[in-house]
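Worksheet: the structure to be examined is printed underneath.
Only a predicted model underlies this, so the values are computations on that prediction, with no experimental measurement involved.
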Amino acid sequence: MNKLQCLWCQRSLNYDFSVHFLVSFSSVAPTRLCAGCLDQFTPVAAPHCPKCGKFQATTQQCSDCRHWNDRMKAPLISNRAFFPYKDQIKEYIKQYKLRGDYRLRLIMEPLFSNLARTNEMLVSIPVTATTIEQRGFNQVSGWFGSNQLFPALLALPKDRPQAAKGRHDRLSGPQRFVVNEKLRSACLNRDICLVDDIYTTGRTLHEAAWLLQSAGARHIRSVTLAH
């Protein structure tokens with residue numbers, strides 16, 4: 001018997017392997033969560049906006065997306081969110097991202113391990129060098145394990161964290177990143193999947209999509225943990 005702890009609630013996880021299994025030399029990848037926590041971290045299948053992935057009562061395009069499409073001509077094709085940003089997911093983000101519990105990356109790693117489609121480039125929203133120094137890691141990169149994300153964007157220094165800003169400041173603030181000029185040519189005619197932790201107003205992902213489009217990217221979609 002091998003005892004591990006649930007990464008979220010810390011209860012013991014017990015795995016009983018039969019003699020037949022042990023002598024078969026089969027590989028096994030035990031879950032990192034107990035049954036109760038696994039239910040709480042199972043992606044939600046519910047009505048959502050087809051454009052940004054916002055969970056809502058209908059499957060019609062939400063008012064925010066109509067704004068982006070009508071006024072901004074946003075190049076972002078669509079966003080997929082695994083969870084609504086509330087309850088357990090909000091607490092997960094606080095523990096993982098804000099308090100820096102790097103072990104918790106393993107809870108979400110299975111969701112992101114096979115994200116890329118054929119011939120698609122994965123690009124994460126970048127964080128500043130100051131953030132890396134303070135937190136010790138990029139929260140998005142942590143979910144990808146050994147899989148490499150393409151650093152097509154570079155973060156600019158920022159005045160204060162996004163979490164400390166209201167909706168108006170998020171929408172009207174200055175540009176937060178630029179195209180990595182050393183890799184600009186690699187974006188030409190490529191399909192790109194942007195990855196971020198939370199879709200709030202959409203400003204961050206749309207800004208990233210505009211920059212990648214300017215570098216010649218062909219189709220740009222995004223995936224976030226929550227909306």
Side-chain angles (χ1 to χ4, degrees), residues 1-59 78-118 120 122-125 127 135-149 162-163 193-200 204-205 221-227:
M1 179 184 293
N2 185 26
K3 291 187 176 181
L4 297 173
Q5 285 186 317
C6 172
L7 280 173
W8 189 246
C9 72
Q10 311 306 315
R11 292 191 181 95
S12 294
L13 299 175
N14 296 324
Y15 299 101
D16 293 311
F17 300 130
S18 66
V19 172
H20 175 75
F21 179 86
L22 293 173
V23 300
S24 71
F25 299 103
S26 299
S27 61
V28 62
T31 178
R32 307 283 184 169
L33 299 170
C34 66
C37 291
L38 189 60
D39 286 342
Q40 297 180 58
F41 287 105
T42 298
V44 174
H48 58 272
C49 171
K51 187 74 174 178
C52 72
K54 178 181 180 180
F55 294 94
Q56 56 186 18
T58 73
T59 56
S78 66
N79 179 72
R80 172 192 174 191
F82 290 113
F83 304 96
Y85 184 54
K86 61 180 184 179
D87 304 332
Q88 206 78 338
I89 296 303
K90 185 177 287 189
E91 181 64 21
Y92 170 84
I93 290 291
K94 182 172 74 173
Q95 297 294 333
Y96 172 57
K97 177 181 176 181
L98 303 182
R99 295 186 178 175
D101 190 344
Y102 192 57
R103 298 172 308 143
L104 298 182
R105 76 193 187 281
L106 299 173
I107 292 178
M108 300 303 175
E109 193 175 275
L111 296 179
F112 292 88
S113 60
N114 296 304
L115 200 60
R117 297 170 180 170
T118 303
E120 188 176 56
L122 289 173
V123 176
S124 70
I125 297 299
V127 298
R135 186 187 302 150
F137 61 93
N138 177 325
Q139 71 277 9
V140 173
S141 298
W143 293 326
F144 286 86
S146 60
N147 295 326
Q148 294 296 310
L149 298 173
Q162 284 292 97
C193 177
L194 282 164
V195 189
D196 201 7
D197 51 6
I198 307 168
Y199 188 114
T200 307
T204 298
L205 287 164
R221 68 180 182 109
S222 63
V223 174
T224 57
L225 179 69
H227 190 316

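Annotation for Lys51: atom NZ counts as buried by contact number, over 12 foreign heavy atoms lying within 6.0 Å. The number of heavy-atom neighbours closer than 6.0 Å to CD of Gln10, taken from other residues, nucleotides and ligands shown, is above 12. Environment of CG in Asp39: crowded, with over 12 heavy atoms of neighbouring residues, nucleotides or ligands closer than 6.0 Å.
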Stepwise salt bridge (charged side-chain N to carboxylate O under 4.0 Å, His left out) test for Arg32 and Glu109: CA-CA 10 Å; Arg32 307 283 184 169; Glu109 193 175 275; over 6 Å; no

Test side-chain contact (heavy atoms from CB on, under 4.5 Å) applied to Val140 and Val127, step by step: CA-CA 10 Å; Val140 173; Val127 298; over 6 Å; no

Check against side-chain contact (heavy atoms from CB on, under 4.5 Å), Leu13 and Gln5: CA-CA 5 Å; Leu13 299 175; Gln5 285 186 317; 5.9 Å; no

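Partners of Tyr92 under the side chain to side chain donor-acceptor pair (under 3.5 Å) rule, at least two apart in sequence or in another chain, are Trp143. Partners of Tyr102 by side chain to side chain contact (heavy atoms under 4.5 Å, CB included), not counting sequence neighbours, listed by chain and number: Tyr96, Arg105, Phe137.
Separating the OG1 atom in Thr204 from the CD1 atom in Ile198 is a distance of 10.0 Å, to the nearest 0.5 Å. Here Gln88 contributes atom CD and Ile93 contributes atom CD1; the two are 12.0 Å apart, rounded to the nearest 0.5 Å. With values rounded to the nearest 0.5 angstrom, Ile89 atom CD1 is found 11.5 Å from Asp197 atom CG. Once rounded to the nearest 0.5 Å, the distance linking CD of Gln139 with CG of Leu98 reads 9.0 Å. Taking CG from Leu4 and SG from Cys34, the interatomic distance works out to 12.5 Å, rounded to the nearest 0.5 Å. Atom CG of Leu104 and atom NZ of Lys94 lie 12.5 Å apart (nearest 0.5 Å).
Taking the side chain as every heavy atom from C-beta outward, Pro43 and Phe83 approach each other to under 4.5 Å. The shortest side-chain heavy-atom distance between Val123 and Leu149 does not fall under the 4.5 Å cut-off. Between Phe144 and Val195 there is a side-chain heavy-atom pair separated by less than 4.5 Å. Under the 4.5 Å side-chain criterion, counting only non-hydrogen atoms from C-beta, Cys193 is in contact with Leu122.
Note on ring orientation: taking the six-membered ring where Trp is involved, the planes of His227 and Tyr199 are parallel (angle under 30°, cut-offs 30° and 60°).
A salt bridge links Asp101 with Arg103: at least one charged nitrogen is closer than 4.0 Å to a carboxylate oxygen.
Across all non-hydrogen atoms, the minimal contact from Ala81 to Gly53 is CB-O, 4.1 Å. Nearest heavy atoms, Pro110 versus Ile107: CD-O, 3.6 Å. Taking both residues in full, the closest heavy atoms of Trp8 and Gln95 are given as CH2-CG, 4.2 Å, listed atom of the first, atom of the second, then distance. Residue Val44 comes nearest to Phe55 through the heavy atom pair O-CE2, 3.8 Å, listed as atom of the first residue, atom of the second, then distance.
In this structure, Phe82 has its ring center closer than 6.0 angstrom to the ring center of Phe112.
The backbone N or O of Asn79 lies less than 3.5 Å from no partner atom in the side chain of Arg221, so there is not a single donor-acceptor pair.
Side-chain polar atoms of Asp196 and Ser124 form no donor-acceptor pair below 3.5 angstrom.
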